[in-house]
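When a residue number appears, it is its place in the shown sequence, counting from 1. The shown structure was predicted, so the numbers you read here are calculated from the model rather than taken from an experiment.
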Amino acid sequence: MHVWKSLTAVSAIALATAISPAATAAAPATKPAIPTAPTSGACAFTPLADQTYSTFVGLPPDPKTANTQGNSTLTLKTNRGDIPLVLDRSAAPCAVRSMTFLAHQKYYDGTKCHRLTAYQTPPYALSVLQCGDPLGTGWGDPGYSFKDELGSANALPNWPGFPDGSRKVYPRGTLAMANGGPDTNGSQFFLVYADSRLRPDYTVFGHVTPEGMKVLDQVAAGGIDPGADGTPEDGSPKLTTIIERAKSGR
């Protein structure tokens with residue numbers, strides 16, 4: 001999967017307009033064999049050619065026709081409190097299926113939300129908590145990718161000054177997939193704690209409940225630890241946030 005260069009190698013402007021897997025890490029020592037063929041259903045979950053940073057727990061079941069009916073729920077039970085999510089199958093059935101599968105496989109259990117951003121200087125705006133990487137670095141993936149589902153992203157309101165829709169308002173409470181380019185979705189996702197300006201390149205597949213937003217706001221208010229590679233506006237949460245368990249509902 002294409003990923004960012006290290007944070008020191010990209011400008012603040014680039015950081016403020018992209019949500020991607022990123023960072024540096026040693027490769028896992030061992031991992032199970034990954035199939036070479038994509039699934040044959042509607043989502044075509046595709047094994048990665050480069051499995052260096054993969055934590056593979058299988059490929060999600062992939063029926064011929066994607067389930068686009070109704071919502072499901074998933075609660076991120078973190079050391080900061082519960083963050084309940086509502087997953088919208090009609091908006092992004094493949095993203096919902098993937099995240100639900102990974103939760104059932106305990107993929108997210110014990111993982112760290114590795115990135116917090118706070119770009120608030122106009123015209124840039126990016127306020128998100130990024131999670132979903134077992135490595136806790138931004139490089140990790142589940143050993144497969146799947147296609148973008150951008151209908152809901154394109155339906156978002158245009159950011160002021162962009163009537164062509166090239167920048168959208170990802171509103172507070174949005175749940176969306178991180179990626180490293182077209183059709184590179186994996187396991188990483190981001191939670192929006194303040195309206196953010198982004199290209200409509202990131203699959204929107206649900207939202208954070210009001211209960212979950214209280215926890216998200218707490219983490220955001222704790223501030224950013226830029227570390228060696230970040231910036232005061234982009235780094236790790238000072239309040240280390242661990243997904244102790246991802247509990248899937250209906």
Side-chain angles (χ1 to χ4, degrees), residues 4 10-22 68 71 73-74 76 83-96 99 113-132 138 147-186 188-224 230-235 237 241:
W4 273 358
V10 289
S11 68
I13 292 176
L15 285 167
T17 55
I19 300 289
S20 313
T68 59
N71 297 329
T73 59
L74 190 145
L76 305 178
I83 304 178
L85 308 175
V86 177
L87 310 183
D88 185 353
R89 295 190 188 95
S90 67
C94 296
V96 172
M99 189 174 197
C113 293
H114 60 277
R115 184 184 180 204
L116 183 68
T117 68
Y119 287 97
Q120 299 169 350
T121 304
Y124 307 108
L126 185 66
S127 300
V128 306
L129 178 68
Q130 190 168 332
C131 314
K147 64 186 179 181
D148 295 326
E149 299 165 286
L150 299 179
S152 54
N154 284 304
L156 294 172
N158 294 341
W159 191 268
F162 291 87
D164 62 352
S166 62
R167 302 293 188 279
K168 293 288 188 177
V169 178
Y170 278 64
R172 170 177 164 85
T174 296
L175 166 66
M177 294 299 303
N179 65 52
D183 301 324
T184 59
N185 301 289
Q188 294 188 42
F189 58 90
F190 61 94
L191 312 173
V192 182
Y193 66 88
D195 289 0
S196 294
R197 173 188 133 163
L198 285 166
R199 295 179 183 274
D201 295 343
Y202 305 94
T203 295
V204 174
F205 67 110
H207 67 270
V208 184
T209 68
E211 176 188 352
M213 289 306 303
K214 293 178 182 178
V215 177
L216 187 57
D217 288 341
Q218 174 194 8
V219 174
I224 291 169
T231 73
E233 296 175 311
D234 194 338
T241 303

What is the minimum heavy-atom distance between [X] and [Y], and which atoms define it?
| X | Y | answer |
| --- | --- | --- |
| Met213 | Gly173 | SD-CA, 3.7 Å |
| Pro237 | Leu129 | CG-CD1, 3.7 Å |
| Thr68 | Pro93 | CG2-CG, 3.8 Å |
| Ile224 | Gly235 | CG2-N, 3.4 Å |
| Met177 | Gly186 | CE-O, 3.5 Å |
| Thr184 | Asp148 | N-OD1, 4.5 Å |

Who are the side chain to side chain donor-acceptor pair (under 3.5 Å) partners of [X], not counting sequence neighbours?
| X | value |
| --- | --- |
| Asp217 | Arg172 |
| Thr209 | none |
| Asp201 | none |

If you measure from CZ on Arg197 to OH on Tyr124, what distance do you get to the nearest 0.5 Å?
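Taking CZ in Arg197 and OH in Tyr124, the distance rounds to 6.5 Å.
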At what distance, to the nearest 0.5 angstrom, does CG of Leu76 lie from CG of Leu175?
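Output value for this atom pair is 8.5 Å.
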Counting N and O atoms only, with roles assigned by atom type, does the side chain of [X] sit under 3.5 Å from a partner on the main chain of [Y], one being a donor and the other an acceptor?
| X | Y | answer |
| --- | --- | --- |
| Asp234 | Thr117 | no |
| Gln188 | Gly138 | yes |
| Arg89 | Asn71 | yes |
| Tyr170 | Tyr202 | yes |
| Asp195 | Pro171 | no |
| Gln130 | Ala178 | no |

Checking side-chain contact (heavy atoms from CB on, under 4.5 Å) between Phe205 and each of Leu87, Val86, Asp88, which is the one that passes?
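In the set Leu87, Val86, Asp88, the residue that makes a side-chain contact (heavy atoms from CB on, under 4.5 Å) with Phe205 is Leu87.
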Tell me which one of Val219, Leu85, Val128 satisfies side-chain contact (heavy atoms from CB on, under 4.5 Å) with Leu191.
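Only one option passes, and that is Leu85.
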Less than 4.5 Å apart, any side-chain heavy atom of Tyr193 and any of Val208?
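No. Closest side-chain heavy atoms not under 4.5 Å.
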Partner set under side chain to side chain contact (heavy atoms under 4.5 Å, CB included) for Ala194, not counting sequence neighbours:
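Per chain and number, Ala194 pairs via side chain to side chain contact (heavy atoms under 4.5 Å, CB included) with Ser127.
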Got a list of side-chain donor-acceptor pairs under 3.5 Å for residues 150-165, not counting sequence neighbours?
residue: Ser152; atom: OG; partner: Val204; partner atom: O; Å: 2.9
residue: Asn154; atom: ND2; partner: Leu150; partner atom: O; Å: 3.0
residue: Asn158; atom: OD1; partner: Lys168; partner atom: NZ; Å: 2.6
residue: Asn158; atom: ND2; partner: Pro163; partner atom: O; Å: 3.3
residue: Asp164; atom: OD1; partner: Ser166; partner atom: N; Å: 3.1
residue: Asp164; atom: OD1; partner: Ser166; partner atom: OG; Å: 2.9
residue: Asp164; atom: OD2; partner: Ser166; partner atom: OG; Å: 3.3

Go through the structure and list residues passing ring pair (Phe, Tyr, Trp, His ring centres under 6.0 Å) with Phe189, not counting sequence neighbours.
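Partners of Phe189 by the ring pair (Phe, Tyr, Trp, His ring centres under 6.0 Å) criterion, ordered by chain and then number, come out as Tyr108.
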